[in-house]
Amino acid sequence: MWYVYILRCGDDTLYTGITTDLDRRVQEHNSSPKAAKYTRIRRPLELIYFEPCENKSRASKREYAIKQLSRVEKLFLVSSTLKLQ
């Protein structure tokens, strides 16, 4: 199982990525040199959204689609998902 995720960075920017292990990846972003260059200088990070994907290809395509959204659209995606849970 793959996941697409959005993190809120310490400077209030948003970061989108994919992984097979959400807990490990968020921990890496927050405290490891394995973090993306973008997130290493914007700690702390908070996981605010994720969605499962059946394989890496679909996760990558969804990640690309989310990255094309504006900040407002990404925040709407996050908030509309929270209301459903």
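Nothing here was measured: the structure is a model prediction, and the numbers come from that model.
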Kindly say whether L75 contributes a backbone atom to a donor-acceptor pair with the side chain of S79 at under 3.5 angstrom?
-> yes

Any chance CD of E51 has more than 12 other-residue heavy atoms, nucleotides or ligands included, within less than 6.0 Å?
-> yes

Report the C-alpha separation of I66 and V4 in whole Å, then their side-chain angles, then the decisive distance to 0.1 Å, and conclude whether the side-chain contact (heavy atoms from CB on, under 4.5 Å) test is met.
-> CA-CA 9 Å; I66 291 173; V4 180; 3.6 Å; yes

Does any non-hydrogen side-chain atom of L14 lie less than 4.5 Å from one of R71?
-> yes

Would you say the side chain of K61 lies within less than 4.5 Å of the side chain of R58, judging by non-hydrogen atoms?
-> no

Main-chain N/O of E28 paired to S31 side chain as donor or acceptor, under 3.5 Å = no

Contact list for residues 31-45, test salt bridge (charged side-chain N to carboxylate O under 4.0 Å, His left out), sequence neighbours left out | D11-R42

Ring pair (Phe, Tyr, Trp, His ring centres under 6.0 Å) with Y15: which residues, sequence neighbours excluded?
-> H29

Can you get from Y64 to F50 by hopping between Ile, Leu, Val, Met, Phe, Trp and Tyr side chains that sit under 4.5 Å apart?
-> no

Compare all side-chain heavy atoms of Y5 with those of L7 and state whether any distance is below 4.5 angstrom.
-> yes

Taking atom CZ of R24 as the centre, report whether more than 12 heavy atoms of other residues, nucleotides or ligands fall under 6.0 Å from it.
-> yes

Mind checking what makes side chain to side chain donor-acceptor pair (under 3.5 Å) contact with E63, not counting sequence neighbours?
-> K67

Heavy-atom distance under 4.5 Å between the side chains of M1 and E54, does that happen here?
-> no

Report yes if some heavy atom in the side chain of L77 is under 4.5 Å from a heavy atom in the side chain of E73; otherwise report no.
-> no

Is it the case that T13 and Y38 place a side-chain donor and acceptor less than 3.5 Å from each other?
-> yes

Could you check if a side-chain atom of Y49 sits within less than 4.5 angstrom of a side-chain atom of T16, using non-hydrogen atoms only?
-> no

